[in-house]
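Below is one structure, written out as structure tokens, with a few remarks after it.
Naming: A, B, ... by sequence-line order, numbering from 1 per chain. It should be emphasised that the depicted structure is a prediction, and the values quoted were computed from it without experimental measurement.
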Amino acid sequence: MTRYDPAANEPKWQAAWDAAGLFAAKADPGRPKYYVLEMFPYPSGRIHMGHVRNYTMGDVIARFHAAKGFSVLHPMGWDAFGLPAENAAAERGVHPAAWTYQNIADMRAQMKLLGLSLDWSREFATCDPEYYGQQQALFLDMLAAGLVTRKAAVVNWDPVDMTVLANEQVIDGKGWRSGAPVERRELTQWFFKISDWSEELLSALDGLEDWPEKVRLMQANWIGKSRGLQFAFETVGAPQGFDRLEVYTTRPDTLLGASFAAISPDHPLAKALEGDPKVAAFVADARRGGTSAEEIETAEKIGYDTGIRVKHPLDPTWELPVWIANFILMDYGTGAIFGCPAHDQRDFDFATKYRLPIPPVFVAEGAAEAVLAEAFVPMKSERVRFVRGFAGAGVQTGDEAVSAAIAHAEAQGYGKGVTKFRLRDWGLSRQRFWGAPIPVLHCPACGVVPERKENLPVRLPDDVTFDRPGNPLDWHPTWKHVACPACGAAAKRETDTMDTFVDSSWYFARFTAPHAGTPTDMGAADYWMTVDQYIGGVEHAILHLLYSRFFARAMVKTGHLPAKAAEPFAALFTQGMVTHEIYTSFEELALAPSGPTTYDGKGGVTVRPGTGNYRQRYHFPEDVEQTENGVVLRSTGEKLIVIPPAKMSKSKKNVVDPQAIVAQFGADTARWFMLSDSPPERDVEWTASGAEATAKHLSRVWRLADEAAKSEGPATPADGALAREVAKATRDVTAAITGFAFNKGIAALYALTNAVSRSDAGPQAKRTAFRAMAQLMAPFVPHLAEEVWAMCGGKGLVAAAPWPEVDPALLVEDVVTLPIQINGKRRSEVTVPKDMAAAEVERLVLADETVQKFLAGQPVKKLIVVPGRIVNVVA
RNA sequence: GCCCAGAUGGCGGAAUGGUAGACGCGCUGGUUUCAGGUACCAGUGCCGCAAGGCGUGGAGGUUCGAGUCCUCUUCUGGGCACCA
């Protein structure tokens with residue numbers, strides 16, 4: 001018996017596709033276009049199973065739309081700037097570019113094994129001078145259009161990587177790459193003014209109907225619109241220029257519960273007081289740690305009483321102390337608050353610690369006013385009784401009370417309603433080498449001067465070393481010393497480079513004209529944009545997608561994209577992770593007392609307390625073996641602890657290498673299995689048994705097709721039953737692909753295989769069925785599909801064949817089997833012609849022996865006949 | 001604390017309010033094979049010899065009929081948050 005040989009067939013068909021130029025995207029005004037894009041990879045050097053899953057999904061979508069007659073754009077590139085290249089450069093003494101381009105070459109070779117329908121002619125890396133040069137041009141246009149600004153900001157400073165970190169790059173108060181504790185520093189930085197677009201970016205989310213609801217919600221929360229009251233306290237005893245203290249509150253209904261005012265350590269007033277050494281010492285203390293709310297949350301609340309007082313707006317005789325407190329963020333609102341400890345837990349904690357009064361504004365309905373043990377924050381449904389009412393009070397708490405309080409403040413003239421957003425401007429400056437240089441100069445005479453466009457790209461130098469910390473651009477002997485483009489005087493280049501999120505915020509637009517002499521070509525962009533289907537990990541739900549949405553708008557404004565592309569991704573799909581079991585063992589260290597290891601059932605492994613020193617080891621799946629005894633290490637037979645599947649990670653060694661899988665089973669097996677076992681949005685567990693089963697199935701399909709291809713038989717007309725199975729599968733696979741339910745599409749293909757296998761139709765009818773199956777399989781397992789197509793007499797390449805249409809007549813059944821329920825329980829069934837009248841069905845049902853038996857003489861109260869579905873007898 | 005998503009056989013998962021468990025894995029029996037593997041056939045929610053009964057985290061409800069809709073609840077996963 002011959003077996004299917006992927007190793008021989010897959011390269012053959014890949015070469016055939018290449019020779020036919022099938023995947024080169026061509027702008028064809030006569031055809032509808034379809035732009036499918038997967039989030040491009042960082043060139044780490046190896047592809048992983050997550051890539052395989054991501055790109056296979058995109059490939060199914062791309063191949064399907066090509067077969068449906070669309071002009072498809074399905075490009076691939078490299079998100080190639082970033083810290084790992086610099087780390088590698090520092091460790092190995094290679095230039096980041098050399099390391100990056102070698103990785104790209106390696107990964108491209110691995111990816112090509114997968115048989116993806118990618119247009120490689122459009123490939124670029126963001127570290128190509130051609131790409132980042134256009135990015136610099138884009139930056140200059142945005143600068144001219146007022147979309148970029150330079151301002152001082154408190155930033156997270158990573159003292160090891162010597163760079164600014166975004167809040168989200170700070171994990172547990174430490175840099176996400178270096179692990180070093182983060183400090184807060186004030187630097188002058190370049191910013192994209194994304195916060196000007198808060199309202200637009202928020203409201204436009206409503207139109208993104210083909211985005212996951214979850215992602216839209218996460219973006220909405222991130223933008224964080226709130227309605228509140230802004231007002232100014234009159235100060236008493238404050239330094240010159242601080243007669244008033246502006247505060248913002250979303251809870252103006254609790255204004256009568258004020259007990260203190262507090263300002264951020266970064267507030268101008270705090271700075272004005274830093275002449276006092278005690279204040280300076282406190283502020284230094286409060287600034288320890290990162291700027292993220294999460295970081296600040298875990299820090300203990302500390303405060304310093306400035307001695308300044310403010311007058312309550314509703315009662316000038318009522319004075320509140322002004323504290324500097326570490327939990328107030330300068331970036332949100334005005335950097336100053338009034339504290340209402342009775343109805344805000346963190347204010348309560350603060351007031352308790354510093355023995356400040358805690359006056360309640362309201363209590364739960366029916367409750368007496370008592371000393372509070374914690375802040376009283378009523379639930380939405382809870383009714384309250386006001387104990388310190390004012391005009392506008394007396395209604396429910398919540399939005400109504402807030403609106404009433406704002407109206408009251410506006411009527412009395414002490415404040416006004418203000419809408420604030422949480423979203424902050426996007427700081428793009430990075431003090432790193434391996435990024436796109438920010439194309440501006442600092443001239444002693446002219447100040448900040450944009451580089452001239454004809455001088456772009458501002459290239460990174462080749463002669464750099466990484467043997468000392470900081471930014472190599474900054475201490476390069478010559479790079480930054482240039483003449484001012486405006487006056488010709490000696491000037492210095494900006495040595496900051498751009499955040500790598502900038503690179504990935506417009507690459508999708510560049511793919512439409514990857515070698516244009518301007519950032520985009522409007523003709524190409526007009527044809528291809530927007531991206532019809534974007535696919536990637538949910539980890540990019542906020543930043544990358546929000547930045548891209550901002551950039552697309554900025555590019556419309558600067559004339560680099562047509563207005564219709566302002567929302568760059570029409571549909572988004574976020575795929576689940578690839579997981580694998582983890583195999584671990586404990587190595588007992590010398591002199592340690594012995595004790596058993598245990599597994600807690602939740603993914604954690606613990607060594608029994610008090611048993612001494614162990615070193616935990618992880619083992620690669622390829623090094624372990626399943627035995628009757630459980631999972632053991634192949635080399636030693638040592639029994640291993642198996643931890644339930646988790647995301648593949650190098651540190652846990654629960655990884656499988658796609659290249660090895662392709663070598664063992666072929667690309668089609670990897671592709672099929674990645675899509676077959678779980679819905680695409682959920683995690684999928686990679687298992688060796690599942691991969692083997694997939695390979696067996698694909699081999700079976702090939703063998704059945706091979707048999708059909710080789711059998712001689714009468715030229716029977718197409719077998720009706722088999723044709724019906726093909727029609728059903730066509731309907732189901734089509735629906736599964738358009739509905740992003742690839743697992744169901746694969747189930748339909750299994751069902752069709754079984755149907756063909758069991759069918760007694762002649763070989764000719766079977767060959768017809770197999771050609772149809774090849775077409776349906778082609779998006780999932782394109783190589784095997786070509787093989788089956790060719791064996792069974794398909795003309796040309798199946799990859800170039802149109803998608804099969806369903807003949808609706810074939811899906812119509814002549815007779816239907818109706819289940820019969822008696823009082824809602826299934827008791828019998830009746831097979832009737834499809835169109836039988838309900839009255840006739842009723843007669844048949846009542847005559848049914850089983851029905852009579854279960855009725856046992858009871859009268860029938862009601863008889864429900866749902867045509868074509870079910871019959872329910874109510875007795 | 002708030003928001004979101006889930007909970008279905010031994011496992012992954014199917015199921016426009018209409019036969020719960022498609023399809024796959026695993027398992028059982030059989031055929032082929034010297035054997036292992038492969039391949040093929042049959043079976044496989046639970047209890048029960050059977051008739052039948054019970055079954056979609058739990059408790060109620062709506063309905064002729066609920067995995068699906070409503071209320072409450074438990075648990076799991078994810079997101080957000082000293083956001084004023």
>> At 4.0 Å (heavy atoms only), tell me whether A:Tyr248 reaches a base, stays on the sugar-phosphate, or touches nothing.
In response: base
> Can a donor-acceptor pair under 3.5 Å be found between the side-chain atoms of A:Asn221 and the base atoms of B:C80?
Replying inline: no
>> Side chain of A:Arg422, heavy atoms from C-beta onward: which of B:C64, B:A81, B:C40 has the nearest atom to it?
In response: B:A81
> Between B:G53 and A:Arg827, is there an OP1 or OP2 to side-chain N/O distance shorter than 4.0 Å?
Replying inline: yes
> For B:A14, does OP1 or OP2 lie under 4.0 Å from any side-chain N or O of A:Asn743?
Replying inline: yes
> Do we see a donor-acceptor contact under 3.5 Å between the side chains of A:Ser226 and A:Thr250?
Replying inline: no
> Looking at B:G65, B:C23, B:C25, which one has an atom nearest to any side-chain atom of A:Gln821?
Replying inline: B:G65
> On a whole-Å scale, what distance lies between the C1' atoms belonging to B:U31 and B:G21?
Replying inline: 29 Å
> With a 4.0 Å cut-off on heavy atoms, is A:Leu217 in touch with a base, just the backbone sugar-phosphate, or nothing at all?
Replying inline: sugar-phosphate
> Rounded to the nearest Å, what distance is computed from the CD1 atom of residue A:Ile328 to the P atom of nucleotide B:A81?
Replying inline: 17 Å
> In terms of the nearest nucleotide of RNA chain B, which residue is placed more toward the 5' end: A:Ser757 or A:Thr249?
Replying inline: A:Ser757
>> Quick one: does any side-chain atom of A:Arg216 pair with a main-chain N or O of A:Leu205 as donor and acceptor, under 3.5 Å?
In response: yes
> Over how many whole Å does the gap from A:His697 atom NE2 to B:G12 atom P extend?
Replying inline: 22 Å
> What's the CD1-P distance between A:Ile542 and B:G78, to the nearest Å?
Replying inline: 15 Å
>> Please confirm whether the shortest side-chain N or O distance from A:Arg216 to OP1 or OP2 of B:C4 is below 4.0 Å.
In response: no
>> Under 3.5 Å, is there a donor on one side chain and an acceptor on the other for A:Asp425 and A:Ser195?
In response: yes
> Taking the same atom, C1', in B:A66 and in B:G18, what whole-Å distance lies between them?
Replying inline: 10 Å
> Mapping A:Arg758 and A:Val874 to their closest nucleotides on RNA chain B, which lands nearer the 5' end?
Replying inline: A:Arg758
>> Between B:G57 and B:U8, how far apart are the two C1' atoms, rounded to whole Å?
In response: 10 Å
> Taking the same atom, C1', in B:C4 and in B:A81, what whole-Å distance lies between them?
Replying inline: 15 Å
> If you draw the axis of the six-membered ring of A:Tyr248, does the NZ or CZ of A:Lys420 fall within 45° of it and under 6.0 Å from the ring centre?
Replying inline: yes
> At under 4.0 Å between heavy atoms, what does A:Lys861 touch on the DNA or RNA strands: base, sugar-phosphate, or nothing?
Replying inline: nothing
> Do A:Arg869 and B:U16 share a donor-acceptor pair, side chain to base, under 3.5 Å?
Replying inline: yes
> How many Å lie between CD on A:Glu829 and P on B:A20, as a whole number?
Replying inline: 12 Å
> How far does the P atom of B:U16 sit from the matching atom of B:A22, given to the nearest Å?
Replying inline: 15 Å
> Counting only N and O atoms by type, is there a donor-acceptor contact under 3.5 Å from the side chain of A:Ser259 to the main-chain atoms of A:Leu356?
Replying inline: no
> When the distance from CD of A:Glu707 to C1' of B:A39 is rounded to whole Å, what number comes out?
Replying inline: 10 Å
>> Taking the minimum atom-to-atom distance to the side chain of A:Pro819, which one of B:U19, B:G13, B:C25 wins?
In response: B:U19
> A:Ser678 side chain N/O closer than 4.0 Å to the phosphate oxygens (OP1, OP2) of B:G12?
Replying inline: no
>> If you compare every side-chain N and O of A:Arg682 against the phosphate oxygens of B:G13 (OP1, OP2), does one of them come in below 4.0 Å?
In response: yes
>> Angle between ring planes, A:Tyr750 versus A:His697, binned at 30° and 60°: parallel, tilted or perpendicular?
In response: tilted
> Would one find a side-chain N or O of A:Arg703 under 4.0 angstrom from OP1 or OP2 of B:C40?
Replying inline: yes
>> Could you tell me if A:His408 and A:Tyr414 have a donor-acceptor pair between their side chains, going purely by distance under 3.5 Å?
In response: yes
> Expressed as a whole number of Å, how far does the P atom of B:U56 sit from that of B:U19?
Replying inline: 16 Å
> Can you tell me how far P in B:G79 sits from the matching atom in B:C40, rounded to whole Å?
Replying inline: 44 Å
> Between B:A14 atom P and A:Asp677 atom CG, what is the distance in whole Å?
Replying inline: 11 Å
>> Taking the P atom in each of B:G30 and B:A35, what is the distance between them to the nearest angstrom?
In response: 14 Å
>> Please tell me if A:Arg826 has a side-chain N or O lying less than 4.0 Å from either OP1 or OP2 of B:G65.
In response: no
> With respect to the phosphate group of B:A5, does any side-chain polar atom (N or O) of A:Lys214 fall under 4.0 Å of OP1 or OP2?
Replying inline: no
> Of A:Pro321, A:Pro357, A:Cys340, which meets side chain to side chain contact (heavy atoms under 4.5 Å, CB included) against A:Phe260?
Replying inline: A:Pro321
>> Side chains of A:Glu246 and A:Gln230 only: does a donor on one sit below 3.5 Å from an acceptor on the other?
In response: yes
>> With syn defined as a glycosidic angle within 90° of 0 and anti as the rest, where does B:G78 land?
In response: anti
> Could you state the CG-P distance from A:Leu545 to B:G79, rounded to the nearest angstrom?
Replying inline: 15 Å
> How does RNA chain B look in dot-bracket notation if pairs are Watson-Crick or G-U with both distances under 3.5 Å, crossing ones as [ ], other-strand ones as |?
Replying inline: (((((((..(((.....[....)))((((((.......))))))(((....)))..(((((..]....))))))))))))....
> Is the distance between the ring centroids of A:Phe233 and A:Phe231 under 6.0 Å?
Replying inline: yes
> Does a nitrogen or oxygen in the side chain of A:Asn754 sit under 4.0 Å from OP1 or OP2 of B:G24?
Replying inline: yes
> Quick one: A:Leu675 CG to B:C23 C1', roughly how many Å, whole number?
Replying inline: 15 Å
>> Whether A:Lys696 contacts B:G24 is assessed here as follows: a side-chain N or O lying under 4.0 Å from the phosphate OP1 or OP2. Is that the case?
In response: no
